[in-house]
Number of protein chains: 2
Amino acid sequence: MKQSSSAQSRSQPEIAEVSDAPLRQFMGYHIKRAFNVIQADLNDVLKTFELRMVSFSVLVLIVENPGIRQSQLSSALAIERPNLVVIIDALEKRELIVRDRLLTDRRAYLLQATMAGDQLCEKALRAINTHENKLFEGIDAAMRSTVVQAMRTIEAQS
Amino acid sequence: MKQSSSAQSRSQPEIAEVSDAPLRQFMGYHIKRAFNVIQADLNDVLKTFELRMVSFSVLVLIVENPGIRQSQLSSALAIERPNLVVIIDALEKRELIVRDRLLTDRRAYLLQATMAGDQLCEKALRAINTHENKLFEGIDAAMRSTVVQAMRTIEAQS
DNA sequence: TCAATTTAGTTATGAACAATAACTGTTATG
DNA sequence: CATAACAGTTATTGTTCATAACTAAATTGA
């Protein structure tokens with residue numbers, strides 16, 4: 001009783017295998033662990049293009065949505081505006097994108113990819129596709145679509 | 001052709017709805033967005049217990065694995081040892097866990113939860129369970145088990 | 001036996017990332 | 001026209017994550 005703060009001082013059994021069973025009951029835990037693996041793989045691929053997850057996402061959205069505003073980008077990707085500025089700056093400095101003044105609202109910029117940005121985006125998309133296919137090769141099409149459906153359901157809960 | 005860096009300077013069409021279609025092809029993107037929602041919900045629940053995701057995970061593993069070492073914890077949860085120290089310090093200061101010297105190896109500590117730690121862990125586990133059930137109520141049991149199976153497959157790829 | 005190496009935990013520190021307040025310039029409102 | 005709202009920026013802070021270097025203890029092996 002008294003020695004509860006140093007229980008098992010006689011036997012002191014060591015843990016051979018660490019159990020995370022109580023966390024495994026949570027789908028969120030499984031998702032987090034899987035996402036860690038995905039993210040590591042993704043960052044590895046993107047390093048080739050000198051991009052990180054966020055800057056890649058930003059580039060893709062600019063390529064896909066020519067003329068998008070920074071404020072639209074920040075809300076679409078849930079990046080705070082101030083933090084987006086430095087990302088945009090870096091992409092602009094690398095001449096992957098340009099800021100064009102919007103003539104009808106001189107506060108805003110329209111973002112567009114340059115030809116180089118377009119090409120880099122294309123290459124990165126293909127490379128990621130290849131890596132995702134490898135990473136997910138043990139998961140058949142039916143499962144993948146179930147996973148996507150579940151993720152969309154969760155995402156819609158916010 | 002020539003004006004590609006300031007294309008559409010006449011019309012400047014605005015983007016009404018931002019499309020993230022090219023990212024939606026990646027399962028990783030769906031998983032990330034879903035996980036953001038899960039994490040926000042989780043942190044909200046854990047705030048009640050003055051815990052964050054990592055400190056909660058650490059507490060659970062100590063409760064489940066009495067006598068676990070810090071090095072085992074850090075590798076189980078992929079937390080760098082130096083960063084784990086401050087987490088352990090905080091839990092110890094709150095008297096949720098104790099550090100006991102391992103008699104046969106005086107370098108190591110055996111970590112154990114106190115009664116208060118045990119109880120807090122129990123409460124937190126129940127609260128999270130409740131919230132997860134709510135968050136995932138649109139996902140039936142079959143889908144959930146498919147998701148978990150897919151996540152484990154991905155996790156195993158590392 | 002004992003010097004060299006390894007291990008567990010710690011300290012200090014810096015880099016990367018995220019969040020907030022406050023500013024400039026511009027547009028919208030009443 | 002004065003006031004408020006908005007887009008983007010700057011400055012700054014806090015949080016999170018990673019690395020190097022340290023202390024103390026245990027292990028290795030000549």
Side-chain angles (χ1 to χ4, degrees), chain A residues 12 14-15 18 32-33 35-36 39-40 42-44 46-47 50-58 61-62 65 67-93 97-112, chain B residues 12 14-15 18 32-33 35-36 39-40 42-44 46-47 50-58 61-62 65 67-93 97-112:
Chain A
Q12 289 198 313
E14 295 246 20
I15 301 293
V18 177
K32 170 158 182 54
R33 295 197 69 112
F35 182 70
N36 283 348
Q39 189 172 33
L42 178 61
N43 281 328
D44 197 56
L46 288 177
K47 195 163 24 172
E50 290 176 82
L51 291 169
R52 273 160 301 120
M53 223 173 58
V54 268
S55 51
F56 167 70
S57 309
V58 166
L61 285 206
I62 294 172
N65 303 274
I68 192 175
R69 294 170 176 222
Q70 291 181 206
S71 53
Q72 290 177 308
L73 255 181
S74 85
S75 78
L77 291 175
I79 303 171
E80 295 300 318
R81 264 94 52 170
N83 297 329
L84 188 58
V85 171
V86 307
I87 297 165
I88 298 286
D89 281 350
L91 292 176
E92 192 183 32
K93 184 163 286 173
I97 64 166
V98 292
R99 281 187 243 232
D100 270 1
R101 277 282 177 204
L102 173 57
L103 300 178
T104 55
D105 184 347
R106 292 167 37 75
R107 292 171 302 183
Y109 289 106
L110 297 189
L111 303 173
Q112 293 184 106
Chain B
Q12 289 198 317
E14 295 248 19
I15 301 291
V18 176
K32 170 158 181 54
R33 295 197 70 112
F35 182 69
N36 283 347
Q39 188 171 34
L42 179 60
N43 280 328
D44 197 57
L46 287 177
K47 195 162 24 171
E50 290 177 82
L51 291 169
R52 272 161 302 120
M53 223 173 59
V54 268
S55 52
F56 166 69
S57 308
V58 166
L61 286 206
I62 295 172
N65 304 273
I68 193 175
R69 294 171 176 219
Q70 290 181 205
S71 53
Q72 290 177 308
L73 254 181
S74 84
S75 78
L77 292 175
I79 304 170
E80 296 300 320
R81 265 91 52 167
N83 298 329
L84 188 58
V85 171
V86 307
I87 297 165
I88 299 286
D89 281 350
L91 292 175
E92 192 183 33
K93 183 163 285 173
I97 64 166
V98 291
R99 281 188 244 233
D100 270 2
R101 278 282 178 201
L102 174 57
L103 300 178
T104 56
D105 185 347
R106 291 167 39 74
R107 292 171 303 183
Y109 290 106
L110 297 188
L111 303 173
Q112 293 184 103

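Every chain is numbered from 1 and lettered A, B, ... according to where its sequence line falls, protein lines coming before strand lines. Below, each value reflects all heavy atoms present in this structure, side chains not excepted, and no hydrogens, waters or symmetry copies.
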Task: CD1 on A:I88 to CD1 on A:I97, rounded to 0.5 Å - done: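 Between atom CD1 of A:I97 and atom CD1 of A:I88 there are 4.0 Å.
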Task: Spacing of CG belonging to B:L73 relative to CG belonging to B:L61, to within rounding of 0.5 Å - done: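 The CG atom of B:L73 sits 5.5 Å away from the CG atom of B:L61.
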- [ ] Any chance you could list the contact pattern along nucleotides 5-12 of chain D? Use B for base contacts, S for sugar-phosphate-only contacts and - for none, protein heavy atoms under 4.0 Å, 5' to 3'.
- [x] -BSSBBB-
- [ ] Could you please spell out the steps behind the side chain to side chain contact (heavy atoms under 4.5 Å, CB included) verdict for B:I79 and B:V58?
- [x] CA-CA 10 Å; B:I79 304 170; B:V58 166; 4.1 Å; yes
Considering only heavy atoms from C-beta outward, does the side chain of [X] approach that of [Y] to under 4.5 Å?
X      : Y      : value
B:R99  : B:Q70  : yes
A:R69  : A:D105 : yes
B:L102 : A:E14  : yes

Task: Comparing A:R52 and A:L102 on DNA chain C - which has the more 5′ nearest nucleotide - done: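 Final value for this comparison: A:R52.
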TODO: Specify the separation, in whole Å, of atom CD of B:Q39 and atom P of D:dT15.
DONE: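 So the CD-P distance, B:Q39 to D:dT15, works out to 16 Å.
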Task: Segment of DNA chain C, first to last nucleotide, that comes within the 4.0 Å heavy-atom reach of chain A - done: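 It runs C:dC17 to C:dT27.
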Open item on the list: Let's go through A:Y109 and A:R101 carefully: what are the C-alpha distance in whole Å and the side-chain angles of both, what is the deciding distance for side chain to side chain donor-acceptor pair (under 3.5 Å) to 0.1 Å, and is it a yes or a no?
Closed with: CA-CA 5 Å; A:Y109 289 106; A:R101 277 282 177 204; 2.9 Å; yes
- [ ] Determine yes or no for a side-chain-to-main-chain donor-acceptor pair under 3.5 angstrom, with B:Q72 supplying the side chain and A:I15 the backbone.
- [x]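 Between the backbone of A:I15 and the side chain of B:Q72 there is a qualifying donor-acceptor contact (under 3.5 Å).
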